[in-house]
Amino acid sequence: MDEKVLIAKRVALEMKSGSLVNLGIGLPTTVANYLAPGLEVYFQSENGIIGMAPAPEMGMVDPNLTDAGGGFVGAIPGAASIDSALSFGLIRGGHLDVTVLGGLEVDELGHLANWTVPGKMIPGMGGAMDLVSGAKKVIVAMQHAAKGKSKILKRCTLPLTSVRRVDLIVTELAVLEPTDAGLVLKEIAPGVTVEQVIAATEATLIIPDNVAVMPVSDAVATAAAV
Amino acid sequence: MDEKVLIAKRVALEMKSGSLVNLGIGLPTTVANYLAPGLEVYFQSENGIIGMAPAPEMGMVDPNLTDAGGGFVGAIPGAASIDSALSFGLIRGGHLDVTVLGGLEVDELGHLANWTVPGKMIPGMGGAMDLVSGAKKVIVAMQHAAKGKSKILKRCTLPLTSVRRVDLIVTELAVLEPTDAGLVLKEIAPGVTVEQVIAATEATLIIPDNVAVMPVSDAVATAAAV
Amino acid sequence: MNKATNCTKAIEMIPDGATLMIGGFLGVGSPHRAIDELVRQGKKNLTIIANDTGRPALGIGKLIVAKQVKKVIASHIGTNPETQKQMIAGELEVILTPQGTLAEQIRSGGFGLGGVLTATGIGTTVADGKQVVEINGKPYLVELPLRADFAILAAHRSDYRGNLEYALTARNFNEVMALAADHVIVEPDHIVPVGVIPPDAVVTPFCCVDYIIERSN
Amino acid sequence: MNKATNCTKAIEMIPDGATLMIGGFLGVGSPHRAIDELVRQGKKNLTIIANDTGRPALGIGKLIVAKQVKKVIASHIGTNPETQKQMIAGELEVILTPQGTLAEQIRSGGFGLGGVLTATGIGTTVADGKQVVEINGKPYLVELPLRADFAILAAHRSDYRGNLEYALTARNFNEVMALAADHVIVEPDHIVPVGVIPPDAVVTPFCCVDYIIERSN
C-alpha cells in the first residue's frame with residue numbers, strides 16, 4: 001500500500017459520525033476518500049462552507065463554491081455558507097471537532113511546526129495557527145521523515161504553528177500520542193517493528209508493553225470505495 | 001406649542017438626508033413626526049432593524065417586527081434585519097450618524113446620566129451606554145428641569161451613562177452645545193430670554209454675543225404633517 | 001442525523017442550577033414553549049443570561065415570577081418590576097451590562113476569544129473591578145467571555161439537521177448565543193427537510209445546534 | 001438615494017498611498033473589475049489588507065505584479081511567488097497574520113472595538129511585540145483593530161441603496177470589511193431595485209455601503 005494511502009486510511013479511522021472536520025490541503029484532503037461506509041462526517045472549508053462535498057463533474061461547478069485551495073467543490077444538501085469571521089469563530093470556539101493537518105516537524109511536547117521555513121518558504125500561516133489552537137482534536141498526518149531526516153524531533157527547529165499540544169500524529173510507520181510524559185508509541189504500521197520506528201525517530205518515544213498494529217487493511221479501502 | 005413638541009421639532013432640524021438615526025424611547029421617538037418633507041432619514045432600532053417605519057394599521061403587523069420598546073413597527077422597502085452583535089457593531093463602530101436620547105442630568109462636561117437613580121429606579125442601561133459612547137452625534141432631548149430642579153448641572157450627581165461628551169442638548173428653553181470651554185448657549189426658544197435660561201440652569205453657561213432663536217414654528221409641524 | 005425531539009425531553013436535560021442563555025428581546029424571538037416547560041418542570045436556581053427579563057407574564061419574566069432564577073445577566077430589567085423587586089429584596093442577583101457589551105461577551109464565549117476591548121462603560125459604574133487596557137493612549141475595558149450550559153433559542157425555520165433562519169427582529173441575541181453554550185436547544189416555528197434552506201440563507205449553521213423542539217409535544 | 005456609479009469614477013476617488021481592504025479568497029469573491037481598474041489607473045504605494053495576494057494573473061496578484069503595492073497584511077501569500085520575491089528583495093513589506101485573527105482585527109476596526117484577546121499566535125513569532133493579557137491564568141494576545149481608507153468588495157446582489165447578498169464561498173472577508181473602511185465600494189454581480197432583497201436576506205445592510213459599481217462602465 002502507498003505510504004500516503006496508509007496514513008490517510010489510518011486517520012480516517014479517527015472520524016466519528018456527526019463530527020465537523022477540517023482537512024488541510026494535500027495528504028489530509030485524501031482522508032475523505034477512506035471514510036467507513038455510512039459514517040456521517042461534515043466537512044468545513046475555512047474559506048466559508050460547512051457541508052463541503054467533492055466537486056461535481058466539470059460543467060456543473062460554480063466559481064463561487066471553492067475550497068481553501070481555490071479548487072471547485074460541491075455542497076451537500078443542507079450545507080451552510082459562512083463568512084470568514086464565523087468560519088474562524090467555529091474553529092476557535094471549539095465547534096470544529098477534528099482538524100487534520102500536514103506537518104514539517106512535530107516534537108516531544110506535541111508542538112507542530114508547519115507554516116514556514118525561514119529564508120526559504122514563507123507562504124504564511126493561512127488558517128493553520130487558528131486550526132491548531134482551536135480545534136477540539138488536532139491530528140498531524142505526515143510522512144515520518146523527509147530527505148532521510150526524522151520529522152519527529154526532540155524539539156522543533158522551525159517556527160511553531162501553536163504551543164497547543166496536538167492530539168495524534170499519524171505517519172506511514174506509526175501512530176504517536178503526545179502526553180504529559182512525552183510521545184507515546186500507540187501503534188505501528190503493518191510489517192513495521194517497534195525498533196524500526198525508534199530508529200527512524202529523533203525524539204525519544206515512550207514504548208508501552210503492548211503496541212498495537214494499525215487496524216488498516218486494503219479491505220478498508222475497498223469498502224470505502226464502494 | 002407643547003414643550004415636548006417644541007423639543008422634538010428642534011431636534012428634527014438636526015437630521016440630514018441619508019443619515020442613520022436611532023431614536024430613544026419616549027420623547028426622542030416623536031422626532032420622527034417632525035422631519036422636513038423629502039428628508040431621507042433611515043431609522044435603526046437596536047433590537048435588530050435598519051429601515052424601521054411607523055407601525056402599519058392593526059391587523060397588518062408582524063409580532064416578529066418590533067422596536068426596542070417592544071411595540072409593533074413597520075419596515076421601509078429595502079430594510080435590513082440585523083442581529084444584536086451587528087446592531088451594536090454599527091452603533092459602536094461609528095456607522096450610526098445620530099442618536100437622540102432622553103436625559104436625567106447633563107453637566108458642564110457634556111456628560112449624560114440617564115440610566116439609573118440608585119435605590120429608586122434600576123431599569124438597566126439597555127443600549128444607552130453603547131449609543132452615547134459610539135454614535136457619531138449624540139443629541140440629548142429633554143425638559144430643562146424636573147420637579148422645579150434644573151437637570152443641567154455643574155456636575156452630574158447620578159451615575160454617568162458615558163464619559164463621551166454629548167454633542168447637543170435640546171430643551172424647551174434652549175439649545176446648548178458642550179465644548180472644551182464649557183456649555184455654550186446656542187439658541188433660545190421663541191419667547192424665552194437669555195436671562196430666563198440662565199436662571200433655570202444650575203450649570204454655568206457661556207453666553208455668546210448673539211444667541212439665535214430656535215428656528216422652529218408651528219408651520220414646520222404643518223409641513224411635516226402633510 | 002435528525003435532531004428533533006419533544007419539548008418535555010429537551011427541557012428535562014437541564015439540571016437545577018444550570019446557566020442558561022435565552023434568546024429574545026422583550027419576548028420577541030424568545031422560545032416561549034420551552035420557557036413554559038421550564039416553569040412546568042420547576043427548574044430551580046437558574047442563572048439566566050439574556051437581553052432582558054421580559055414582562056411578568058411574558059417570556060423570561062415567567063421564570064422570574066416563579067422564583068426559579070438566582071442570578072440574571074442582562075442589559076435591561078425595566079419592563080419587569082418583579083425582577084427589580086426580587087433584586088432589591090436580595091433574592092436575585094442582577095448584573096446589568098450594556099447591550100452591545102453583552103452581545104460581544106456572548107460572542108467571545110462562542111468564538112473562543114479571551115474577551116474584547118470596549119470603550120463602552122469606561123468612566124461608569126460598569127467599569128468597577130474590570131481590567132483596563134490602554135490602546136493608542138485610549139482606555140478600553142476588558143470584557144470577558146460569557147458561556148452557558150444550555151442555550152435555549154427561538155428561530156423561524158430549522159431544518160432537521162439544525163440550520164437556522166430567523167425572522168426580522170426576532171433574530172436579536174439568538175444568533176450569537178447559538179455558539180456560546182455546551183448544549184443548544186432551538187424552538188423553531190417550522191422544521192423543514194434538510195436541503196430546503198439554501199446555504200446562503202442559513203444564519204446559524206447546523207453544527208451549532210444540538211436539539212430541535214418539535215411542534216407537537 | 002442611488003449609490004450606483006461607474007467603475008472608473010469609483011476608482012478615481014482612491015489616492016496614491018491609500019490603505020485598501022479588498023475582499024476575496026484566492027480571487028473568489030474579489031472585485032475583479034475594480035482591481036483591473038486600479039491597475040489601469042496605475043495607483044501607487046498602496047497598502048493592501050486582504051486574506052491573500054491571489055495569483056500573479058488573478059485578483060490582488062495583478063496589483064503585486066504591477067508593483068503598485070508597498071505593504072500587504074494577509075494570512076497567506078503562498079500562491080503568488082511574485083509577492084514572496086518582492087518581499088525577499090525588500091521591495092514589499094508583508095505582515096503575515098493568522099486568518100482568524102485577521103478577520104477579528106478587521107471586525108474590531110469596523111465594530112469600534114479596541115481589539116480582541118486571542119490564544120492564536122501565543123508562543124509563536126506572531127506574538128512578537130504584542131501585548132499579552134492574562135485571563136483566568138491563561139495568556140491571550142491583544143490583537144488590534146484594522147481599518148482602511150477604502151474597502152473594495154464583491155457581492156452577488158446589491159440593491160441601489162447598497163443592501164448586499166453574497167454567494168457561497170465568495171462571501172469570505174467581504175462581510176467584515178464592509179464595516180471597516182471610511183469609504184466602501186462594492187462590485188456586485190447584479191444591482192436590483194430597492195425592496196427586491198428581503199430584510200432577512202440582507203447580509204450587509206445598506207448603511208455600510210457608499211458606492212456601487214455598475215455593470216457597464
Side-chain angles (χ1 to χ4, degrees), chain B residues 25 45-52 61-75 79-93 109 111-113 115-116 118-134 156 158-164, chain C residues 23-29 51-55 58-59 72 74-81 83-84 87-88 94-104 106-107 110 118-127 139 154 156 166-178 189 203-204:
Chain B
I25 296 168
S45 189
E46 68 267 28
N47 55 315
I49 186 105
I50 305 260
M52 181 170 62
V61 299
D62 177 347
N64 286 329
L65 182 53
T66 53
D67 64 18
F72 296 135
V73 295
S81 308
I82 51 176
D83 85 307
S84 297
L86 179 54
S87 187
F88 283 89
L90 293 170
I91 290 168
R92 298 150 79 124
L109 299 171
H111 288 166
L112 169 67
W115 74 277
T116 187
K120 286 193 186 164
M121 184 192 78
I122 318 161
M125 65 294 285
M129 286 190 174
D130 295 295
L131 285 160
V132 177
S133 300
C156 286
L158 296 171
L160 296 182
T161 302
S162 175
V163 290
R164 178 255 176 85
Chain C
F25 194 112
L26 295 179
V28 178
N51 177 63
D52 56 75
T53 54
R55 306 185 199 273
L58 174 72
V72 167
S75 83
H76 198 269
I77 57 169
T79 51
N80 191 340
T83 308
Q84 297 192 55
M87 177 173 76
I88 290 165
V94 177
I95 298 179
L96 292 169
T97 303
Q99 206 167 116
T101 296
L102 185 63
E104 288 297 325
I106 294 167
R107 182 182 181 274
T118 168
T120 299
I122 282 283
T124 76
T125 54
V126 165
H156 182 53
Y166 304 98
L168 299 164
T169 57
R171 186 183 300 202
N172 54 68
F173 278 84
N174 289 295
E175 185 177 339
V176 278
M177 286 178 175
D189 295 333
V203 175
T204 295

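Because the structure is a prediction, the values reported are computed rather than measured. Chain identifiers are assigned alphabetically (A, B, ...) following the order of the sequence lines, protein sequences preceding nucleic acid strands; residue numbering begins at 1 within each chain.
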Largest heavy-atom contact set with chain B, pairs under 4.5 Å, which of C:N174, C:I122, C:T101, C:V126: C:T101

In this structure, OG1 of C:T120 is separated from CE of B:M125 (nearest 0.5 Å) by 10.5 Å

Pair count under 4.5 Å, heavy atoms only, with chain B: among C:A103, C:G121, C:G100, highest is C:G100

Residue from C:A74, C:P98, C:P81, C:A167 scoring the most non-hydrogen pairs under 4.5 Å with chain B is C:P98

Check whether C:T79 gets within reach of chain B through its side chain, its backbone, both or neither, counting any heavy atom under 4.5 Å. neither

Is there a donor-acceptor contact under 3.5 Å from the side chain of C:H76 to the main chain of C:D52? no

Examine distances only and state if a side-chain atom of C:N172 and a backbone atom of C:V28 form a donor-acceptor pair shorter than 3.5 Å. yes

Only pairs of heavy atoms separated by less than 4.5 Å count here; which of C:A170, C:S75, C:G27 has the most with chain B? C:S75

Is it the backbone or the side chain of C:F173 that comes under 4.5 Å from a heavy atom of chain B, or both, or neither? both

Examine distances only and state if a side-chain atom of B:S81 and a backbone atom of B:I49 form a donor-acceptor pair shorter than 3.5 Å. no

Test your reading of the model: is there a side-chain donor-acceptor pair from B:S45 to the backbone of B:D67, 3.5 Å cut-off? no

Tell me, side chain or backbone of B:L160 under 4.5 Å from chain C's heavy atoms, or both, or neither? both

Sub-3.5 Å donor-acceptor pair from the side chain of B:N47 to the main-chain atoms of B:T66, do we have one? yes

Name the member of C:I88, C:N80, C:T118 that forms the most heavy-atom pairs with chain B at distances under 4.5 Å. C:T118

Given a strict heavy-atom distance threshold of 4.5 Å, which part of B:I82 is in contact with chain C: side chain, backbone, both, or neither? backbone

Largest heavy-atom contact set with chain B, pairs under 4.5 Å, which of C:V94, C:T169, C:T97: C:T169

At a 4.5 Å cut-off on heavy atoms, which part of B:T116 comes close to chain C: side chain, backbone, both, or neither? neither

With a 4.5 angstrom heavy-atom cut-off, could you sort out which part of B:A68 is near chain C: side chain, backbone, both or neither? both

Got a salt bridge between B:D130 and B:R92, using NZ or NE/NH1/NH2 to carboxylate O under 4.0 Å? yes

Give, as side chain, backbone, both or neither, the part of B:S84 having an atom under 4.5 angstrom from any heavy atom of chain C. both

So for B:S162, is it side chain, backbone, both, or neither that comes closer than 4.5 Å to the heavy atoms of chain C? backbone

Using non-hydrogen atoms only, which part of C:T83 is less than 4.5 Å away from chain B: side chain, backbone, both, or neither? neither

Roughly how far apart are B:L109 CG and B:C156 SG, rounded to 0.5 Å? 8.5 Å

By a 4.5 Å heavy-atom criterion (distance strictly below it), what part of C:L26 contacts chain B: side chain, backbone, both, or neither? side chain

Straight-line distance of C:R107 CZ to C:M177 CE, nearest 0.5 Å: 15.0 Å

What's the separation between atom CE in B:M129 and atom CD in C:Q99, rounded to the nearest 0.5 Å? 12.5 Å

